[in-house]
Amino acid sequence: ENLVNSEKHFDHLIVETTGIAEPDGVAAAFVTDPAIQSHFRLDATICLLDAHHAEEVLKDREEAKRKITFADYISVNKASEVSADYISKHPSAKVVVVCARDAGKKAADKFAEVTGAHAYTKRYMPGTFTNPEYKGFREPTLLIAVDPAGDRQAITEARSNNVPVLALCDTNNMTENIDFVLPVNNKGKKSLALVFWVLAREVLKKQGKLKSAEAFKVPLEDFEDTSE
């Protein structure tokens with residue numbers, strides 16, 4: 001009532017329901033209460049999902065599953081932290097990054113340089129993971145793909161050898177044969193630079209090579225492709 005009678009103009013109203021086990025009741029008021037309907041329209045419901053605890057929570061709590069089902073959008077936080085934890089469990093020399101997309105090549109190369117992984121940012125040769133006779137044959141324990149579509153060959157070969165695949169995925173990507181999805185904008189140069197910069201820092205922290213985030217001295221600009 002105070003909002004409606006206020007002289008201030010509001011373009012949008014955000015109702016935050018943290019701590020409410022069943023927020024659908026709040027949302028229902030926007031579509032069933034005539035007084036509220038006369039002033040407000042429910043555009044969407046957004047669920048914030050903590051990636052660090054998501055598996056445990058969704059397994060044990062039915063209300064959490066209902067919130068996910070009810071939401072129009074899901075915002076996943078701590079995804080980079082969880083991804084870095086997953087990557088750091090593998091020996092750096094056994095981690096391979098593939099990137100056929102031009103926008104991410106510099107970032108992928110820099111990530112590999114900083115963490116000790118290996119990057120394929122030019123042409124990925126078929127048979128690299130499956131043909132022991134090939135001079136460039138490699139046996140990774142983890143594959144990081146920047147784009148599931150463009151890096152399909154490497155993903156197919158990794159899966160044939162039971163190598164887990166972590167992929168950077170946008171909303172248009174299919175996640176077939178992907179074990180771990182990191183939801184990001186995998187098309188933009190700046191976005192990919194930031195993602196790999198954060199991943200490199202967090203992986204080094206998880207490996208005990210950095211005591212804090214502040215100790216990471218590699219500038220973000222080193223990951224960015226500034227070419228037109």
Side-chain angles (χ1 to χ4, degrees), residues 80 82-170 172-182 184-189 191-210 216-228:
S80 60
V82 175
S83 298
D85 185 57
Y86 187 67
I87 296 169
S88 66
K89 293 177 180 178
H90 298 265
S92 295
K94 288 288 189 176
V95 175
V96 168
V97 186
V98 289
C99 181
R101 177 164 284 171
D102 289 340
K105 291 183 177 181
K106 183 174 181 180
D109 280 332
K110 193 63 180 181
F111 171 84
E113 176 189 329
V114 171
T115 62
H118 188 86
Y120 289 92
T121 55
K122 293 181 180 177
R123 187 190 174 195
Y124 175 84
M125 292 296 295
T128 297
F129 298 158
T130 56
N131 182 8
E133 301 299 321
Y134 173 53
K135 64 179 181 180
F137 177 68
R138 189 172 293 272
E139 296 180 281
T141 60
L142 174 66
L143 175 68
I144 301 174
V146 172
D147 175 25
D151 302 319
R152 186 181 300 109
Q153 179 65 35
I155 292 172
T156 299
E157 293 188 15
R159 296 304 298 154
S160 70
N161 286 341
N162 295 318
V163 175
V165 178
L166 183 155
L168 280 59
C169 295
D170 207 335
N172 67 323
N173 285 127
M174 303 297 291
T175 56
E176 183 182 4
N177 294 325
I178 306 301
D179 299 283
F180 195 108
V181 171
L182 177 55
V184 298
N185 170 9
N186 63 3
K187 299 180 180 65
K189 294 179 181 180
S191 171
L192 289 170
L194 181 59
V195 168
F196 275 112
W197 181 78
V198 171
L199 282 178
R201 183 191 67 191
E202 294 302 313
V203 166
L204 293 179
K205 283 174 57 183
K206 298 286 185 181
Q207 292 175 338
K209 297 177 182 179
L210 286 178
F216 188 57
K217 302 302 182 183
V218 184
L220 175 59
E221 290 74 18
D222 285 4
F223 287 75
E224 292 183 2
D225 183 355
T226 57
S227 62
E228 295 298 330

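In what follows, residues are counted from 1 in the order of the sequence shown. What you see is a predicted model; the values in this text were computed from it and never measured.
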Working to the nearest 0.5 angstrom, can you tell me the gap between [X] [atom1] and [Y] [atom2]?
X: Thr141; Y: His90; atom1: OG1; atom2: NE2; answer: 5.0 Å
X: Phe111; Y: Cys99; atom1: CZ; atom2: SG; answer: 12.5 Å
X: Phe180; Y: Ile87; atom1: CZ; atom2: CD1; answer: 8.0 Å
X: Thr226; Y: Glu221; atom1: OG1; atom2: CD; answer: 10.5 Å
X: Tyr120; Y: Gln153; atom1: OH; atom2: CD; answer: 12.5 Å
X: Glu202; Y: Leu210; atom1: CD; atom2: CG; answer: 9.0 Å

With sequence neighbours excluded, tell me which residues meet salt bridge (charged side-chain N to carboxylate O under 4.0 Å, His left out) with [X].
X: Lys89; answer: Asp85
X: Lys105; answer: Asp102
X: Glu113; answer: Lys110

Backbone of [Y] reached by a side-chain donor or acceptor of [X] within 3.5 Å:
X: Lys94; Y: Leu142; result: no
X: Thr121; Y: Asp109; result: no
X: Asp225; Y: Ser227; result: yes

Among all residues two or more places apart in sequence or in another chain, which pass the side chain to side chain contact (heavy atoms under 4.5 Å, CB included) test with [X]?
X: Leu194; answer: Trp197, Val198, Leu220
X: Met174; answer: none
X: Thr130; answer: Glu157, Ser160, Asn161
X: Asp147; answer: Arg101, Ala149, Asp151, Asn173, Asn186

Do other residues, nucleotides or ligands put more than 12 heavy atoms under 6.0 Å from Arg152 CZ?
no
Minimal non-hydrogen separation, [X] against [Y], with atom names:
X: Ala154; Y: Val98; result: CB-CG1, 3.9 Å
X: Leu199; Y: Ala84; result: CD2-N, 4.0 Å
X: Cys169; Y: Pro148; result: SG-CG, 3.7 Å
X: Ala100; Y: Gly150; result: CB-O, 3.6 Å

According to the ring pair (Phe, Tyr, Trp, His ring centres under 6.0 Å) rule, which pairs have a member within residues 125-148, sequence neighbours left out?
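Counting only pairs at least two positions apart or across chains, the ring pair (Phe, Tyr, Trp, His ring centres under 6.0 Å) contacts touching residues 125-148 are Tyr124-Phe129.
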Among Leu143, Val165, Leu166, exactly one meets side chain to side chain contact (heavy atoms under 4.5 Å, CB included) together with Ile178. Which residue is that?
Val165
Contacts of [X] that satisfy side chain to side chain donor-acceptor pair (under 3.5 Å) - sequence neighbours left out:
X: Ser88; value: none
X: Tyr86; value: none
X: Asn177; value: none
X: Asn162; value: none

Taking side chain as C-beta onward, heavy atoms only, is Val95 less than 4.5 Å from Thr115?
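A side-chain contact is absent here, since even the closest heavy-atom pair is not under 4.5 Å.
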With a 4.5 Å cut-off on side-chain heavy atoms, are Phe196 and Leu168 touching?
yes
